[in-house]
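Start at 1 with the first residue, then count along the sequence. All figures in this text were calculated on a predicted structure; none of them were measured in a lab. In listed order, ligands and their atoms are each counted from 1.
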Amino acid sequence: LDALTAVRSDLVAANRILGREEILDAFGHVSARIPGEPEHFLLSRARSPELVEEGDLLEFGLDGEPVADGPRSYVERYIHAAIYAARDDVTWICHNHALSILPFSLSDTSLRPVIHTAGFLAAGVPVWDIFDDSADTSSLLVRSIDAGRSLAKCLGDASVALLRAHGSVVVGRSAPELVRRCTVLDRNARVQQAAERLGTYRPLQGPDGAPWQGDPDATNPRDNRDWEYFQKRAGLR
Ligand SMILES: [Zn+2]
């Protein structure tokens, strides 16, 4: 497979998997930077992720606009454009509205790593509030490249940012890593909420409450066995 063919195939798979795993529902989206063309990325036309097929994939520039006239695209494509423009290290992005993480976007309680696979959360999870930096707050949707840039600035070097009362963005360097981070984020959020209900709990942290130096790569399986597992569950193999 050439690199572009592989990315197109992985992008369809990531859409189907994240739909199947209920990280995405009717809404939300996944994108991938085009190999060898860092100024362009692929994103489906406006369609629910679990239904996405290769023929739905459209090409966009880092201004968030499609490179050619075509079918209707997602309103919030600017999220992807602005993060790719700000982060050379990022090649995959998911924007989702997963229910488990939403309470942490609203509460004084920060989302913190509480399970062993959540090392990528150890550096902190910033929360972006569209009311802080945008005149267009009627829908909370990221409808412009300026709003996208504001979100990308809040994300900084992190792997995840929350959008208050809306959802999250998750970034990665491959389709398996993106899917892994999205699913671990969801599980971590559910475990943290359950632990909070039990009473006092200790998030993962170092001695004397120092931040946990979780290695984001420590639990990446070298054989991508979780990618294979999620493909199976999504009916892709
Ligand atoms: Zn959204």
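Inspection of the Asp56 and Ser44 side chains reveals no N or O donor paired with an N or O acceptor under 3.5 Å.
To the nearest 0.5 Å, the span separating CD on Glu59 from CG on Leu43 amounts to 11.5 Å.
The heavy-atom pair separating Ala189 from Ser100 by the smallest distance is CB-O, 3.4 Å. Heavy-atom minimum distance, Arg143 versus Tyr78: O-CE1, 3.2 Å.
In this structure, the side chain of Arg33 engages the main chain of Tyr84 through a donor-acceptor pair within 3.5 Å.
Taking the six-membered ring where tryptophan is involved, the planes of His29 and His95 are tilted, since the angle between them lies from 30° to 60°.
Near the Zn ion (ligand 1), less than 2.8 Å away, sit the protein N, O or S atoms Glu76 OE1, His95 NE2, His97 NE2, His166 NE2.
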